[in-house]
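Report on the following structure.
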Amino acid sequence: MSLQQVKLFILMLFLVPGLASGQPASADDNETLGQGSIMLILDASGSMWGQVEGTTKIEIAKEALVQLIDNLPDTARVGLVAYGHRVKGDCNDVEELIPLGPMDRERLKEHVLGLNPKGKTPITWSLQLTAETLKSMEEEVTILLVSDGKETCEGDPCALVRELRESGVRVVVNVIGFDVTAEESEQLKCIAEEGGGEYYSADSVSEFQEAAMSTLEDPRFQTGKLEVRAVRNGEPIEAFVRLLNASGEEVRTDYTY
C-alpha cells in the first residue's frame, strides 16, 4: 500500500466511524450517511384514551411516532416496546414488539398503529426490560419514553435509570410527558435527568409532534454527505480507497479519480 493509499485509508476511518455496513460511501459519489440506535417505549395504558384538543392522546402519539419513523435515516437501528396494551390492571404488561435492529419502517409503523390502550403504567418494568436487551450493546442507545403519567405499579423508574447508567449500560433516556400534571412531570423529568437525556413537556398536538421530532437533532440521526478526492500538488490523482464501518468491516472498495 502506497503512502497515498495509507493517508486515504486513515482519512476514511476518521470521517466515517459510524457508517453502517451495506450503506457505502463512494469516493466518486455523494451518498447519505447517518447512524444511531433508538428504542421507542410507548405508553399504551388506558389513560391514553384521554383527549387533547379533541383527539385521543394515543392517536396523537401514533401520528407523531409514525412521522418520526419516516424521518429517521435508513441506517438507523430502531426497536419498539409498549406497555399497558394487552391486559387491564397487569403490571407485567410490557412487550418488546420489535427488538433493536436495522430499520424496518413498515413493520414499525404497523405495530405503532395497531396499539390499543388498556392497562396500567409500568414504566420501571418497561425500562428494566429494555435495558436487559441493551446490556451487550457496544454503542450508546437512545431510549425515547412517551408517557401521559407517572408509574402506577411498584418501582422507582428514576432510581432504576440511575443504577443502569452507573452499572455501565450505555443508554441515554429522553422523555416526553404528554398532558401530565406537575407531580407526574417531576417523576418523568427525573427519569430524563438521571438518564442523561432531555425532558419534553407537551400539552398540545403541536408540542407533542415537536418533542418527538426533536430526537432527530441528535447528530447520530442526522444525514450528511461524504466526498473524497485525492490530489497531489493540487492536481487530482487516482487513488485506492477502503471504507470501513465502526467494527472494522470493509463496506466498500473504490477508486478516486
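Sequential numbering from 1 along the given sequence is applied to the chain's residues. Because the structure is a prediction, the values reported are computed rather than measured.
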Could you check whether any side-chain heavy atom of [X] comes within less than 4.5 Å of a side-chain heavy atom of [Y], counting everything from C-beta outward?
X: L97; Y: L115; result: yes
X: T152; Y: S45; result: no
X: V78; Y: I69; result: no
X: I143; Y: V161; result: no
X: R77; Y: M137; result: yes
X: K189; Y: V175; result: no
X: Q187; Y: P157; result: yes

Determine the minimum heavy-atom distance between [X] and [Y], stating which atoms define it.
X: K62; Y: L113; result: NZ-O, 2.9 Å
X: E139; Y: S37; result: OE2-OG, 3.2 Å
X: M39; Y: I98; result: CE-O, 4.4 Å
X: L100; Y: G79; result: CD1-N, 3.8 Å
X: G149; Y: V180; result: N-CG1, 3.8 Å
X: E151; Y: T121; result: OE2-O, 3.2 Å

Taking [Y]'s backbone N and O only, do any of them form a donor-acceptor pair with [X]'s side chain (distance below 3.5 Å, no angle check)?
X: D148; Y: F178; answer: no
X: R165; Y: V171; answer: yes
X: S214; Y: A211; answer: yes
X: W49; Y: P117; answer: yes

Is a salt bridge present between [X] and [Y], judged by a nitrogen-to-oxygen distance below 4.0 Å?
X: E132; Y: K135; value: yes
X: D90; Y: K118; value: no
X: D74; Y: R105; value: yes
X: K109; Y: E106; value: yes

[atom2] on [Y] to [atom1] on [X], rounded to 0.5 Å:
X: L145; Y: Y199; atom1: CG; atom2: OH; answer: 10.0 Å
X: N116; Y: I58; atom1: CG; atom2: CD1; answer: 8.5 Å
X: K120; Y: K88; atom1: NZ; atom2: NZ; answer: 12.5 Å
X: I176; Y: D43; atom1: CD1; atom2: CG; answer: 11.5 Å
X: L65; Y: M213; atom1: CG; atom2: CE; answer: 10.5 Å
X: L68; Y: L72; atom1: CG; atom2: CG; answer: 4.5 Å

side-chain hydrogen bond (donor to acceptor under 3.5 Å, both in side chains) with K150: of E186, E183, E184, only one passes, and it is E183

Take D93 and H85, measure what side chain to side chain contact (heavy atoms under 4.5 Å, CB included) needs, and give me the verdict at the end. CA-CA 7 Å; D93 187 14; H85 60 298; 3.9 Å; yes

Go through the steps to decide whether T130 and V141 satisfy the test side chain to side chain contact (heavy atoms under 4.5 Å, CB included), and finish with yes or no. CA-CA 11 Å; T130 301; V141 179; over 6 Å; no

In terms of hydrophobic clustering (I, L, V, M, F, W, Y; side-chain heavy atoms under 4.5 Å; direct or indirect links), are M48 and V87 co-clustered? no

Q209 atom CD, neighbour heavy-atom count above 12 within 6.0 Å: yes

Exceeds 12 heavy-atom contacts within 6.0 angstrom, atom CD of Q51: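 Yes - once you tally the heavy atoms of other residues, nucleotides and ligands closer than 6.0 Å, there are more than 12.
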
Listed by chain and number, what are the side chain to side chain donor-acceptor pair (under 3.5 Å) partners of R162, not counting sequence neighbours? E194

Quick one, V146 with F208, criterion side chain to side chain contact (heavy atoms under 4.5 Å, CB included). Give me CA distance, side-chain angles, the key distance, then yes/no. CA-CA 10 Å; V146 176; F208 186 90; 3.6 Å; yes

Would E154 and C91 satisfy side chain to side chain contact (heavy atoms under 4.5 Å, CB included), going step by step from the backbone distance to the final call? CA-CA 8 Å; E154 294 184 3; C91 285; over 6 Å; no

Any side-chain donor paired with an acceptor under 3.5 Å for T56 and E59?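 Looking only at side-chain atoms, E59 and T56 do not form any donor-acceptor pair under 3.5 Å.
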
